[in-house]
Number of protein chains: 2
Amino acid sequence: MSIPNPVPSYIAPLIAHFNDYLPMDAEDIAMLLPRVVERKVKRRQFILQEGDVCQHYNFVVSGCFKIYKVDEKGGEHNIQFVTENDWATDIGSFHAEKPSELYIEAIEPGHILQIKRPDLLFLYVNSPKFDRNFRVIIEDKFVELQNRLLQSFCVNATERYLAFLEQYPELSQRLPNTQIASYLGITPEFLSKIRKDLVSK
Amino acid sequence: MSIPNPVPSYIAPLIAHFNDYLPMDAEDIAMLLPRVVERKVKRRQFILQEGDVCQHYNFVVSGCFKIYKVDEKGGEHNIQFVTENDWATDIGSFHAEKPSELYIEAIEPGHILQIKRPDLLFLYVNSPKFDRNFRVIIEDKFVELQNRLLQSFCVNATERYLAFLEQYPELSQRLPNTQIASYLGITPEFLSKIRKDLVSK
DNA sequence: AAAGAACCTTAACCTAGATTAAGGGTAACT
DNA sequence: AGTTACCCTTAATCTAGGTTAAGGTTCTTT
């Protein structure tokens with residue numbers, strides 16, 4: 001199999017990302033290339049809306065996305081922020097081909113790389129490296145999610161905020177406090193109070 | 001490769017479990033067999049304690065386990081119950097070989113099948129089916145965990161309790177309310193109140 | 001440049017759920 | 001068979017965080 005030369009430059013971050021796990025050879029890359037589509041996303045644009053089936057694995061090349069759910073009263077609850085070199089997908093909806101309960105929305109303009117379900121299944125069947133890499137990627141995401149659940153159970157809002165600042169110092173600059181509050185599971189008003197109390201100490 | 005005939009009967013549930021995903025052939029089973037150890041577990045026995053590295057993937061053949069974290073004040077927070085044909089492992093600790101923050105404890109006496117880290121890595125390297133199967137298993141677990149996080153964010157305690165009864169009718173019979181309360185993120189006293197209010201309606 | 005939309009903060013008041021305490025019931029080791 | 005440990009419930013009191021409302025500020029879009 002031959003690789004287009006040069007490989008389109010927008011794909012480099014994705015290949016680099018896979019190489020962090022099990023390095024890809026020329027054949028893997030040749031298989032991957034025609035199955036990846038680049039897409040530009042504007043601020044506030046959705047790449048997934050409640051009720052739609054999540055059709056793509058979305059790899060974020062640039063920009064910042066929020067994955068959130070809207071409750072019965074219309075309140076938004078951020079479950080995850082996704083930035084450069086990470087995946088923004090509703091895995092449940094994608095694999096079960098069921099309507100999603102989630103929204104994925106761009107907080108900043110950005111670029112993503114999309115792989116469609118049949119294409120990803122093709123990759124899984126034709127090169128075991130993709131099974132391996134996505135297994136490890138999802139293990140990492142599982143651990144991240146589990147830590148988030150543990151924190152929301154075991155730690156109060158002030159400490160969750162401090163932990164967030166420590167774990168995501170860059171995000172805390174990049175995001176409005178309303179979004180951070182939603183991620184922490186509190187109101188913007190209460191976050192404001194926490195911030196005031198922290199300063200006055 | 002030849003399979004011991006008969007295959008030890010205690011292993012049947014594990015093979016059946018894998019067959020739910022990508023069916024195993026004789027070679028896969030031959031590879032798996034010598035790497036699985038059966039273990040009997042008594043009520044209240046730990047298969048993982050905080051501070052220890054999680055050394056095994058534990059498949060539950062019978063019994064019921066809780067995975068929980070102890071907070072700074074000594075309170076226990078159940079993050080998951082594990083029963084027949086499911087896995088009870090701290091994936092983060094296992095893969096990173098770091099001390100766990102979690103306890104895994106038997107609520108009932110039971111049997112588990114254990115696979116050690118080097119053995120699982122061997123299986124991953126020597127048959128891509130294991131990568132595939134564990135990828136899908138972990139995807140399912142990720143979705144389960146994500147739904148749990150969504151619920152704890154978007155839904156109040158009464159509705160979470162009702163959802164628990166609906167989703168795990170069997171567990172709600174099998175477990176004391178103290179354990180269910182801990183899973184729901186509330187105190188046993190408050191669960192008691194919820195139950196009373198539900199009855200009086 | 002103006003207008004609107006989103007964001008941040010403060011403060012008074014409100015509520016879901018925690019805490020403490022106490023009594024009675026039930027399961028499990030000796 | 002007895003006793004210890006766990007479990008369930010009720011009720012009074014308390015608190016972390018929510019709600020509402022209002023004023024000021026800063027982005028965004030036209």
Side-chain angles (χ1 to χ4, degrees), chain A residues 41-45 63-64 66 68 70-78 81 105-109 151-165 171-201, chain B residues 41-45 63-64 66 68 70-78 105-110 151-165 171-201:
Chain A
V41 187
K42 285 186 242 174
R43 191 160 182 266
R44 270 175 218 178
Q45 189 176 336
C64 181
K66 56 178 175 177
Y68 63 95
V70 176
D71 68 26
E72 290 181 350
K73 291 174 200 154
E76 294 184 8
H77 303 269
N78 290 342
F81 297 119
E105 183 184 338
I107 303 181
E108 305 168 358
Q151 270 223 342
S152 88
F153 271 11
C154 299
V155 165
N156 69 18
T158 304
E159 288 177 67
R160 287 201 311 272
Y161 176 58
L162 291 171
F164 178 84
L165 293 181
L171 274 184
S172 68
Q173 304 296 101
R174 206 164 160 184
L175 295 171
N177 285 331
T178 39
Q179 295 304 323
I180 295 174
S182 166
Y183 178 87
L184 296 173
I186 59 178
T187 57
E189 292 84 356
F190 191 58
L191 177 54
S192 193
K193 191 183 172 200
I194 287 173
R195 287 158 55 82
K196 188 179 136 197
D197 293 351
L198 284 173
V199 167
S200 77
K201 266 202 302 199
Chain B
V41 186
K42 285 187 242 176
R43 191 161 181 263
R44 268 172 219 178
Q45 191 176 335
C64 181
K66 56 179 174 175
Y68 63 95
V70 177
D71 68 25
E72 291 182 350
K73 291 175 200 153
E76 293 183 9
H77 304 269
N78 289 343
E105 183 184 337
I107 303 181
E108 305 169 356
Q151 271 223 342
S152 87
F153 270 12
C154 298
V155 166
N156 70 18
T158 304
E159 288 177 66
R160 290 204 305 277
Y161 176 59
L162 291 171
F164 178 83
L165 293 182
L171 274 185
S172 69
Q173 304 297 102
R174 206 165 160 182
L175 295 171
N177 286 330
T178 38
Q179 295 304 323
I180 295 173
S182 166
Y183 179 86
L184 296 174
I186 58 178
T187 58
E189 291 84 357
F190 191 59
L191 177 55
S192 192
K193 191 183 171 199
I194 288 172
R195 287 157 56 82
K196 188 179 135 197
D197 294 351
L198 284 173
V199 168
S200 76
K201 265 202 306 199

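Quick note on labels: first sequence line is chain A, next is B, and so on, each numbered from 1.
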Among the nucleotides [options], which one has an atom lying closest to any side-chain atom of [X]?
X: B:P176; options: C:dT10, D:dG17, D:dC8; result: D:dC8
X: A:T178; options: D:dA16, C:dC7, C:dG17; result: C:dC7
X: A:E189; options: D:dT10, D:dA21, C:dG17; result: D:dA21

Indicate whether OP1 or OP2 belonging to [N] is found under 4.0 Å from a side-chain N or O atom of [X].
X: B:K196; N: D:dA11; answer: yes
X: A:R195; N: C:dT9; answer: yes
X: A:N177; N: C:dC8; answer: yes

What is the distance from [atom1] of [X] to [atom2] of [N], rounded to the nearest Å?
X: B:F190; N: D:dT15; atom1: CZ; atom2: P; value: 18 Å
X: B:I107; N: C:dA28; atom1: CD1; atom2: C1'; value: 17 Å
X: A:I180; N: C:dC8; atom1: CD1; atom2: P; value: 8 Å
X: B:N156; N: D:dG18; atom1: CG; atom2: C1'; value: 14 Å
X: B:K193; N: C:dT15; atom1: NZ; atom2: C1'; value: 10 Å
X: A:I194; N: C:dT10; atom1: CD1; atom2: P; value: 13 Å
X: A:L198; N: C:dT9; atom1: CG; atom2: C1'; value: 15 Å
X: B:Y161; N: C:dG17; atom1: OH; atom2: C1'; value: 17 Å

With a 3.5 Å distance limit and no angle check, can you tell me whether A:N156 reaches the backbone of A:E159 through a side-chain donor-acceptor pair? yes

Is the side chain of A:S182 donor-acceptor paired with the backbone N or O of A:N78 at a distance under 3.5 Å, no angle test?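 Side chain of A:S182 to backbone of A:N78: a pair is present.
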
Can you label the angle between the A:Y183 ring and the A:F81 ring as parallel, tilted or perpendicular, going by 30° and 60°? parallel

By salt bridge (charged side-chain N to carboxylate O under 4.0 Å, His left out), A:K66 pairs with (sequence neighbours left out) A:E76

Specify the residue among A:A157 and A:R43 whose closest nucleotide of DNA chain D lies further upstream toward the 5′ end. A:A157

Between B:G185 and A:P188, who's closer to the 5' end of DNA chain C by nearest nucleotide?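 Closest to the 5' end, via its nearest nucleotide, is A:P188.
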
Can you work out whether B:L191 or B:R44 has the more 5'-proximal nearest nucleotide on DNA chain C?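 Final value for this comparison: B:L191.
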
Determine whether B:Y161 and B:L198 make a side-chain contact, defined as any pair of heavy atoms from C-beta on separated by less than 4.5 Å. yes

Reckon A:T187 touches a base, only the sugar-phosphate, or nothing at all at heavy-atom distances under 4.0 Å? base

